[in-house]
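Everything quoted here is computed from the prediction, not taken from an experiment. First listed ligand is number 1; within each ligand, the first listed atom is number 1.
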Amino acid sequence: MSQNEFFPGKYVETEKIQNGYLVKTDSQCVIMISFLTDQIVRIRYSTDGIFDNDFSYAISSKFVPQYPEVIFNELAGHIEFRTAALIVSINKADCKVFFTDLNGKIICRDEKGFHWEENQRHGGNIVKMGKMVQEGEHFYGMGDKTMHLNLRGRRVSNWAMDTYGFKKEEDPIYKAIPFYSAIHTEMAYGIFFDNTFKAHFDFGSERRSVTSFWAEGGEMNYYFINGPELMDVIKRYTQLTGTPELPPMWALGYQQSKWSYYPEAKVKEIASKMRSNRIPCDAIYLDIDYMDGFRCFTWDKEKFPDPKKMISELKENGFKTIVIIDPGIKIDMDYHVFKEALENNYFCRRADGPFMKGKVWPGECYFPDFTNAKVRKWWSGLFQELIEETGVRGVWNDMNEPALFEIEGKTFPDDVRHDYDGNPASHRKAHNIYGMQMARATYKGVRKYNNGLRPLVITRSAYAGAQRYASGWTGDNIASWEHLWIATMQCQRLSTSGFSFVGSDIGGFIDHPTPELYIRWMQLAVFHPFFRTHSSGDHGEQEPWSFGPDALNIVRKYIEFRYQLLPYIYTTFYQYVTEFAPMLRPISVFDQHDNDTLYRVDEFLLGDHLLVCPVLEPNAKSRYVYLPKGKWYHFWTHKVLEGGKEILAEAVLEEIPLYIRQGAVLPLFPVMQHTGEKSIDQLMLHVYFGDENVNSYLYEDEGMDTNMKKESTIAKDLRPIRQMGHSHFT
Ligand code: MIG
């Protein structure tokens, strides 16, 4: 224990305040407890009795706290707060907190509990929390971390970083999502530590019996989210931090990208090759080279003499055009974006006043302070021309960690100032949310000028809640088998961290995949919500036809299958948006009561019914699959199998092991070349007949408009297709 560590001390009294309680101690430390629902309790600590202005970028404005009735009791050794689902107790002797169910069974309890160290260099405190590891406890969540899903025995940190060619286990990387879920003795709970400073989480790594988390500034401010089902913990966290709008149907189709497709003739060639090779595709991407000297919101007129015309021709052919936009604005008085921002004082400054100057693609740049509402509004307005005039349909935000070249730490220095929406702060506090605020401003702009159509925004960096504004990709991965494994970890993990609309660069961004690796990657990515091939382009072609005719045939079959699955994926997305259910579900989330699922990471569910078992090794002809309990149809042979055990599954190159729950009804589209091609009300229902009573759902609308209910012709609410039971389906 360090000498200047402080603890709250002894309990003195409890004071009821509006929507909560203040628990006072014999030090100046005060604990604020508020129950948002019966299942979610927020705990804040002030070390001197003065709480900071309560402000969070993470919490969704759509989340309405219920402030349920709470019963307060003072007992001999502790005080307790009871809701209809949960008891939160505080020891009188040391103010340690413990959470129990209504039977008094321990869900989670403090070890050292809250303690802090004064931060003499920066002011404020380093705030720390220590909790006991319960017997047989497992930990999940934490965003895009690259290691095994189960975090028991590990330490990770949150500080958004541009990590080109990141490695397995490398940490931190692009995203910072301070939420974990835990399970022991079939009871799950979650902790959301809403603190944006650089933060660390130790899951029994330093000491086997202790889980701790701490941040280098700010407040100890966390939410305890009750289960007991993991699925409910994730849903409750997701409701708290929000979900996106339903994306347009095309954004769930296949997308082709590269750094970079240019000039115009090349872009059109790629598009027409998609059609001539009969590869279904809905979107094509322009990376940084479309710009004039990497100036955002400009075009290189030599490469793209008439972008509006090109985009409308692509549109005729069924392609949406997506462009990249970075945060760095080139220092150039002849560049209108730079001039406007300079004149209006929109750029970030260093502590002593000068602008934050840093090198990225355009050379020396200044950077908008996206934590200022005025700046966000201005930024949104910049999209008018790109979206409304030129016809771009989606925007891809890169480098928003923010990333800088040629500087220690690869990001802004700590002293950079941010408005933080009226709570002025240094970069230490604003770093992890900079990217999400850029994505937010981008989303607002793209949506505003998109003619009432739903937009697509993609972000590389994220903090908790960023999922409200953007989809995400996992950054600069490598064409290797190890990275295929990392991709399936990251996408499952992000999905269980509230961020479902995710995918990896198919085939790998760096280096060139073998045909086999590209095929296996595609077979996995078909089941990831965001479905895009992207590559650095330095190592050869990475289009579906670049790997020879045999590979092309297999890849085509899977992309076609993705389009057939769209009604199911769209419905799964709707369940995410409205019911907060993660789209990708590790099998531990599917059946936490089966202990064998708690370490398994190589199978996952997409939505309610599809069990996906990617092949992650070269030369495979088969792989072991853990089939969760229940009965499953082998997707390709229709053979029915009994779950609750490991089986050897055939996995020749043409085939990814895939299973569907007995009793499910799967809605399928016909094969199409893009989502605008056919009227999408043609639907086939595949019935996987069985004795189990399994609900299947279908959400339909016209797939484009922001006004989902009003404008859609065949909008229907989430509804059972049919409970299969023993009924016959016609
Ligand atoms: O410094 O825009 O992750 O997808 O192609 C590299 C060029 C900048 C990094 C992104 C990648 C993108 C690339 N960008």
Side-chain angles (χ1 to χ4, degrees), residues 144 146 160-167 170 172-175 255-262 266-267 270 283-300 303-304 321-330 358-365 367 392 394-407 409-411 434-435 438-439 442 456-462 466 470-479 483 486-487 490 494 502-513 521 525 528 530-543:
D144 63 350
T146 53
M161 285 291 293
D162 175 7
T163 40
Y164 175 88
F166 56 91
K167 308 265 178 325
E170 185 168 333
I173 61 164
Y174 303 95
K175 299 181 179 69
Q255 317 191 20
Q256 182 69 40
S257 182
K258 176 179 165 166
W259 178 16
S260 298
Y261 290 131
Y262 67 83
K266 182 71 187 180
V267 179
I270 297 293
I284 194 152
Y285 280 65
L286 302 181
D287 205 326
I288 47 175
D289 301 287
Y290 79 89
M291 302 178 205
D292 173 17
F294 306 118
R295 290 170 186 81
C296 292
F297 307 100
T298 68
W299 291 85
D300 179 329
K303 296 177 185 130
F304 297 95
T321 305
I322 319 283
V323 302
I324 197 167
I325 290 283
D326 288 357
I329 300 299
K330 189 179 176 68
K359 254 199 195 154
V360 256
W361 291 105
E364 298 280 10
C365 287
F367 299 81
V392 166
V395 173
W396 165 29
N397 283 164
D398 187 21
M399 305 289 280
N400 56 352
E401 290 72 27
L404 291 184
F405 297 162
E406 296 168 25
I407 177 178
K410 291 168 43 181
T411 190
Y434 186 84
M438 180 191 184
T442 301
L456 174 64
V457 173
I458 306 122
T459 182
R460 193 169 71 177
S461 186
S471 64
W473 91 106
T474 57
D476 297 340
N477 59 2
I478 305 175
H483 266 269
I486 296 175
Q490 291 183 297
L494 279 160
V502 291
S504 64
D505 286 352
I506 299 170
F509 177 74
I510 300 161
D511 292 344
H512 198 238
W521 211 307
H528 285 165
F530 183 67
F531 184 40
R532 180 185 76 155
T533 293
H534 179 55
S535 74
S536 65
D538 305 339
H539 314 274
E541 307 294 302
Q542 204 153 306
E543 291 86 37

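- Closer than 4.0 angstrom to ligand 1 by heavy atom are Trp259, Asp287, Ile288, Ile324, Trp361, Trp396, Asp398, Met399, Arg460, Trp473, Asp476, Phe509, His534, sorted by chain and number.
- Contacts of Trp259 classified as ring pair (Phe, Tyr, Trp, His ring centres under 6.0 Å), with partners at least two apart in sequence or in another chain: Trp361.
- No donor-acceptor pair under 3.5 Å is formed between the side chain of Gln255 and the backbone N or O of Ala283.
- Taking the ring pair (Phe, Tyr, Trp, His ring centres under 6.0 Å) definition, one finds that Trp396 meets it with Tyr285, Trp473, His534, sequence neighbours left out.
- Checking each of Phe304, Phe297, Trp299 against Tyr290 for a ring pair (Phe, Tyr, Trp, His ring centres under 6.0 Å) leaves exactly one that passes, namely Trp299.
- Around OH of Tyr262, the count of heavy atoms belonging to other residues, nucleotides or ligands within 6.0 Å does not exceed 12.
- With sequence neighbours left out, the ring pair (Phe, Tyr, Trp, His ring centres under 6.0 Å) criterion links Tyr164 to no other residue.
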